[in-house]
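Here's the structure, in C-alpha cells; my notes come after.
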Amino acid sequence: MAWVAREHSSEPGGAAPRANPREADWLSACRRMVAAQRELFAEQRGIATRTVYAGVGEGGDRTLAIDRRCEDIVFAELERLHAEGHQFTAISEERGEVTFGDPGSAVRAIVDPLDGSLNARRMLPSHSLSIAIARGATMADVELGYVYDFGAAEEYFARRDQGATLDGRELQAEGPGYGLEVVGIESAKPERALPLLEALAGKAYRIRAVGSIAISLCYVAGGRFDGMLTGRACRSVDAAGGQLIAREAGAEVVFDGAGLDVSLDLDARYHVAAALDRELLASVLEAQEHAEPPPEPAA
C-alpha cells in the first residue's frame, strides 16, 4: 500500500504507528482536528449561535459559519502536513479542490469537516468529522478512512486490507442475525423517505435516521445497523471515509447499486447503500430503486 511521500523522514510518534517513517501521520492529524473541533463546539453553544450562515460552499449547499470554522481547523492540519513535506490534493465540501504541492500527486484527502451540519446547528449530538485518503480518483482507491462521532465520542478508523477499529478495538460487521432489524435512512426528507419506507415495509423491522452518512456507514461497520441507504444522491466527502471503515469491518458497500468505481470529485453524485451481508444488501438495494435519482452530470 502506498501513502503520501515526504521529503525528509522521521520516526513515527505517539499512538499512531505508520507502516514506514515516510508516511504522513494522518491518524495523529485527525486526532488534532478532533481536539480543536471539540473546543469549538464547546465554545459555540446554542441554536442561535450556530445558525449563522457564511455563503455557499463548493459542494453547492449553504454554508454555516461553524462549517467554515471546522474546515479552517482541518486545513490548518493539512497545511502542517504539507509543511512537513507531504504532497496531496484535498477535496473538501466547502473549499472544493485545493492542491498542496505537486498537482500531479495521485494522493487525495477527501474531507468533510462537519458531516451532519443540521444536527450540529440544532444541537443534536450526531455529527462527525470524516477524512479519507486515496491514491487514485475513485472510491475503490481509498486507503485510509477516519470518522469521529462527536455525539458518542467514538473514533472509527480503517486502513485498506488491515481491518477497522472503534476506539482502537477491532470492529466487526456482525449483527444479531434477525435480518433487517434496524435500517438507517439518510437524506430523510419526508418526500424522499416515503418511497423507501414503503419499499421496506414487511422487510425491515425498524428505521433510524441519524443525519450523518459517515456515522450511518460506521453503524453498519459495527453491526448497529443491519443496512443503510440514501434517499438522495450524496457526494464523495459524505461517504469516502465511512465506506472503507464498513468494508474493512466486513460489510458490503456499493454506490449506485453497482460497486466502488465512482469518482471522488466533488461534483459527482451517487447513492450509497451498505449492509452486513449480500443478502441483506439485495433487499436494501431493492428499496433504493425507489429513491430520487442522482442529478445528470453537468455538461
Side-chain angles (χ1 to χ4, degrees), residues 115-116 119 124-126 128 130 139-140 145 147 149 151-152 154 156-158 163-167 169-234 238-262 270-294:
D115 186 41
N119 285 354
L124 296 169
S126 294
S128 64
S130 176
M139 203 66 71
V147 173
D149 179 349
E154 292 180 328
Y156 295 88
F157 180 69
T165 60
L166 168 57
D167 292 336
R169 297 182 178 181
E170 183 182 8
L171 194 62
Q172 292 288 336
E174 297 176 352
Y178 298 152
L180 290 176
E181 184 178 37
V182 182
V183 176
I185 292 181
E186 288 296 330
S187 307
K189 200 170 182 180
E191 56 267 34
R192 295 189 183 117
L194 185 58
L196 305 182
L197 296 175
E198 291 176 340
L200 288 167
K203 299 177 181 178
Y205 180 63
R206 290 290 187 269
I207 301 297
R208 298 290 182 264
V210 174
S212 164
I213 291 172
I215 293 175
S216 285
L217 284 164
C218 289
Y219 280 4
V220 176
R224 298 176 183 181
F225 284 173
D226 301 295
M228 66 79 63
L229 68 162
T230 51
R232 179 191 184 193
C234 70
D238 301 313
Q243 64 83 24
L244 181 69
I245 293 165
R247 291 192 295 114
E248 285 296 316
E252 300 286 336
V253 183
V254 296
F255 291 84
D256 278 348
L260 302 171
D261 190 22
V262 294
Y270 27 68
H271 282 288
V272 60
L276 298 181
D277 58 43
R278 291 183 181 180
E279 182 179 352
L280 296 177
L281 181 62
S283 296
V284 170
L285 289 174
E286 285 179 9
Q288 197 171 53
E289 291 176 0
H290 300 272
E292 177 182 282

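Using a distance-only test at 3.5 Å, with no hydrogens or angles considered, no donor-acceptor pair links the side chain of Asp256 to the main chain of Ala258. A donor-acceptor pair is defined here as one N or O able to donate and one able to accept, closer than 3.5 Å; such a pair exists between the side chain of Thr230 and the backbone of Val272. Remark: side-chain polar atoms of Asn119 are paired, donor with acceptor, to backbone N or O of Val210 under 3.5 angstrom. In this structure a side-chain-to-backbone donor-acceptor pair under 3.5 Å is present from Glu248 to Gly163.
Closest non-hydrogen pair, Leu285 versus Ala273, comes out as CD2-CB, 3.7 Å. Taking both residues in full, the closest heavy atoms of Ala251 and Ala275 are given as CB-O, 3.4 Å, listed atom of the first, atom of the second, then distance. In this structure, Ala274 and Leu217 approach most closely via the heavy-atom pair CB-CD2, 3.8 Å. Among all heavy-atom pairs drawn from Ala164 and Ile245, the shortest one is CB-O, 3.6 Å. Taking both residues in full, the closest heavy atoms of His271 and Ala233 are given as CE1-N, 3.5 Å, listed atom of the first, atom of the second, then distance. Of all heavy-atom pairs spanning Cys234 and Ile213, the tightest one is CB-CD1, 3.6 Å.
Here Asp277 contributes atom CG and Glu252 contributes atom CD; the two are 7.5 Å apart, rounded to the nearest 0.5 Å. Rounding to the nearest 0.5 Å gives a distance of 10.5 Å between OH of Tyr156 and OG1 of Thr165. Rounding to the nearest 0.5 angstrom, the gap separating the CG atom in Asp115 from the OG atom in Ser128 is 4.0 Å. Leu229 CG to Ser283 OG: the interatomic distance, rounded to the nearest 0.5 Å, is 11.5 Å. Atom CD in Gln288 sits 9.0 Å away from atom CG in Leu281 (nearest 0.5 Å). Considering NE2 of His290 and CG of Leu200, their distance stands at 9.0 Å, rounded to 0.5 Å.
Qualifying side chain to side chain donor-acceptor pair (under 3.5 Å) partners for Arg192, counting only residues two or more places apart in sequence or in other chains: Glu292. With sequence neighbours excluded, the residues that form a side-chain contact (heavy atoms from CB on, under 4.5 Å) with Asp167 are Glu154, Glu155.
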Open item on the list: Test salt bridge (charged side-chain N to carboxylate O under 4.0 Å, His left out) on Lys203 and Glu286; report intermediate values, then the result.
Closed with: CA-CA 11 Å; Lys203 299 177 181 178; Glu286 285 179 9; 2.8 Å; yes
- [ ] Apply side-chain contact (heavy atoms from CB on, under 4.5 Å) to Tyr219 and Met228, showing your working.
- [x] CA-CA 9 Å; Tyr219 280 4; Met228 66 79 63; over 6 Å; no
Identify all side-chain donor-acceptor contacts of residues 179-186 below 3.5 Å with residues at least two apart in sequence or on another chain.
| from | atom 1 | to | atom 2 | distance (Å) |
| --- | --- | --- | --- | --- |
| Glu186 | OE1 | Gly211 | N | 3.4 |
| Glu186 | OE1 | Ser212 | N | 3.1 |
| Glu186 | OE2 | Gly211 | N | 3.1 |
| Glu186 | OE2 | Ser212 | N | 3.3 |
| Glu186 | OE2 | Ser216 | OG | 2.6 |

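Side chains of Phe157 and Leu244 form no contact here, defined as non-hydrogen atoms less than 4.5 Å apart. Inter-residue side-chain proximity for Leu260 and Arg247 is flagged as met; some heavy-atom pair is nearer than 4.5 Å. The shortest side-chain heavy-atom distance between Arg208 and Phe225 falls under the 4.5 Å cut-off.
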